[in-house]
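Since the structure comes first, as structure tokens, the remarks are kept for the end.
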Amino acid sequence: MSGKKLLGIPVLVQPSEAEKNRYAMQQAANAMGGTLTGQDVYQRLYVGSIHFSLTEDDIRQIFEPFGPLDFVNLHKDPETGRSKGYAFIQYKNAADGKQALEKMNGFDLAGRNLKVGLVTEKSSSMNIVNLDDDDSSGVGLTSLSRTELMQKLAARRTDMLEEEHEKDTQPQLPLAPARPAIPTKASRTVMLNNMFNPAEETEPDWIQDLEADVKQECEQYGRVEHIHANEDSLGEVFLKFDSVAAGEQAVNALNGRWFGGKQISAVFVPEAIYDAKFK
DNA sequence: CGTGAGCGA
């Protein structure tokens with residue numbers, strides 16, 4: 001499966017890591033006098049290298065296709081609410097967890113390779129029942145991640161429609177993971193965020209100047225057919241390229257990059273939504 | 001300045 005492309009995204013499978021963890025885990029389990037059975041270890045998984053813009057809900061969407069989850073626990077900095085990039089998840093059934101580990105370890109999600117492994121248990125407190133009230137998906141969002149969230153919600157809707165469509169051909173356990181609802185649906189229409197702060201702008205024509213600059217800068221990825229900077233936002237710039245490939249290049253090149261002291265994000269916008277916005 | 005991988009309250 002290594003090197004295979006899923007959703008136009010390369011998949012890297014790293015069996016050595018998983019294998020290492022498995023050995024360590026089973027030895028630990030044996031040493032502990034059999035508190036953990038060979039099945040149990042697969043229920044709880046460590047998921048690392050998660051893109052920082054993904055929420056607990058996103059993680060759930062990505063891993064739930066393998067089977068029902070008890071909880072998803074994405075670790076965040078309590079101060080800022082920012083993701084720390086790793087999570088613990090628990091499946092109701094160990095067999096599902098095994099599938100998830102094998103299929104999702106190394107999965108290139110939003111530009112990062114997911115690390116999925118067995119949990120290295122802490123010595124004490126191992127049977128905390130962590131019930132997860134999952135309606136906290138909107139807490140501590142910066143204005144930047146809020147727009148990304150809206151992005152993802154929009155993407156999720158179309159995903160659900162597509163999944164409905166595929167339902168009759170889907171087996172119980174998908175061979176390949178169902179399309180995760182991630183902000184990575186490639187399109188030629190793109191939104192940049194945090195490109196400017198209107199409060200800091202003084203020139204009367206700053207918005208036009210900015211559009212011209214951004215357009216010129218972005219022509220290296222492909223022909224820019226349309227651009228619009230939203231002056232009532234915290235730096236939104238919408239771009240339509242001439243091809244999906246160009247949009248992908250732009251997102252890959254620009255997302256996370258720094259631009260005049262601000263870190264910008266670049267996400268795909270479904271073309272239909274884009275068109276509806278600007279007509 | 002810049003989330004590097006990271007095994008939790």
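Chain identifiers are assigned alphabetically (A, B, ...) following the order of the sequence lines, protein sequences preceding nucleic acid strands; residue numbering begins at 1 within each chain. Since this is a predicted model, take the numbers as computed values, not measurements. As a basis for the values below, the full set of heavy atoms in this structure was taken, side chains included, without hydrogen atoms, waters or symmetry mates.
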A:His226 and A:Phe238 aromatic centres sub-6.0 Å:
no
Note: for A:Gly48 and A:Lys262 on DNA chain B, the residue whose nearest nucleotide lies more 5' is A:Lys262
**Asked** Can a donor-acceptor pair under 3.5 Å be found between the side-chain atoms of A:Arg44 and the base atoms of B:dG8?
**Response** yes
- Between A:Asp77 and A:Arg82, is there a side-chain N and carboxylate O pair less than 4.0 Å apart? no
Whole-Å distance, A:Arg82 CZ to B:dG8 P, equals 20 Å
Give the intermediate values and the outcome of side chain to side chain contact (heavy atoms under 4.5 Å, CB included) for residues A:Phe52 and A:Arg112.
CA-CA 10 Å; A:Phe52 300 97; A:Arg112 302 219 160 282; 4.2 Å; yes
Separation of B:dT3 atom P from A:Asp77 atom CG, nearest Å, is 14 Å
Here the distance between atom C1' of B:dG8 and atom CG of A:Leu74, to the nearest Å, is 11 Å
Whole-Å distance, A:Arg112 CZ to B:dT3 P, equals 9 Å
Rounded to whole Å, the CG-P distance (A:Asn255 to B:dT3) equals 12 Å
Separation of B:dT3 atom P from A:Ile50 atom CD1, nearest Å, is 17 Å
Ranking B:dA5, B:dA9, B:dT3 by distance to the side chain of A:Phe52, first place goes to B:dT3
- prompt: With a non-hydrogen cut-off below 4.0 angstrom, is A:Gly261 in contact with a base, only sugar-phosphate, or nothing?
  reply: base
When rounded to whole Å, the CG to P distance for the pair A:Leu101 and B:dC7 reads 16 Å
* Asked: Is the ring of A:Phe88 stacked on the base of B:dG8, with centres less than 5.5 Å apart and planes under 30° off?
  -> yes
A:Asn113 CG to B:dG4 C1', in whole Å, measures 13 Å
Taking B:dT3, B:dG8, B:dA5 as options, the one with an atom nearest any side-chain atom of A:Tyr86 is B:dG8
The nucleotide from B:dT3, B:dA5, B:dC7 with an atom nearest the side chain of A:Val119 is B:dC7
Which of A:Val116, A:Asn105, A:Leu69 passes side-chain contact (heavy atoms from CB on, under 4.5 Å) with A:Leu45? It is A:Val116
Looking at A:Phe88, I want to see if its CZ is surrounded by more than 12 non-hydrogen atoms of other residues, nucleotides or ligands under 6.0 Å. yes
